[in-house]
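Quick note: numbers below take in every heavy atom, side chains included, and nothing from hydrogens, waters or symmetry partners.
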Amino acid sequence: ICLSGSGNSENVIRAAKLAKSKGSEVIAFTGYDGGRLRGIADYPVHVEIHDMQQAEDIHHILMHALSRSVAAKGEGREVIP
C-alpha cells in the first residue's frame with residue numbers, strides 16, 4: 001500500500017516499482033492528478049483534490065475504512081459495505 005498526495009514522491013514510486021518487481025500488487029492512494037504512481041498501481045485509489053491537506057485527510061478516512069474491513073473479514077464478520 002502506497003500513499004502519495006501528489007503521486008510523484010520519488011521514494012514511494014521506487015517502493016511501488018520494487019514491490020511489483022517482486023510480484024506484489026500495489027494499492028496506491030493519490031491526490032491531485034495521481035502523478036506517476038497512479039499509472040504504476042494495480043489498484044489506484046485516486047481523489048481528484050488539488051489540496052495536499054484535504055487529499056491526506058481523505059486518504060486517512062479511506063485507510064481507516066480499509067483497515068476496519070480487513071479486521072472484520074479476519075474475524076469472520078460481514079465486511080463494511
How long is the span from the [atom1] atom in [X] to the [atom2] atom in [Y], to the nearest 0.5 Å?
X	Y	atom1	atom2	value
Y32	M52	OH	CE	4.5 Å
C2	R14	SG	CZ	12.0 Å
S4	F29	OG	CZ	12.5 Å

Counting C-beta onward and ignoring hydrogens, is there a side-chain heavy-atom pair between [X] and [Y] closer than 4.5 Å?
X	Y	answer
E10	R36	yes
P44	T30	no
M63	I1	yes
L18	K22	yes
L62	V45	yes
I27	D42	no
I58	I49	yes
N8	L37	no

Should R38 and D33 count as an ion pair when the cut-off is N to O under 4.0 Å?
no
Indicate, with yes or no, if L3 and Y43 share a hydrophobic cluster defined by side-chain heavy-atom contacts under 4.5 Å among Ile, Leu, Val, Met, Phe, Trp and Tyr.
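In one cluster with Y43: L3, yes.
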Should L66 and V47 be regarded as members of a common hydrophobic cluster, given that ILVMFWY residues are connected when their side-chain heavy atoms come within less than 4.5 Å of each other, either directly or indirectly?
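Yes, same cluster.
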For K17, look at atom NZ and say whether over 12 heavy atoms of other residues, nucleotides or ligands are found less than 6.0 Å away.
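At most 12 heavy atoms, drawn from other residues, nucleotides or ligands, come within 6.0 Å of this atom.
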Candidate list Q53, Q54, H60, test side chain to side chain donor-acceptor pair (under 3.5 Å), partner D57, passing option:
Q53
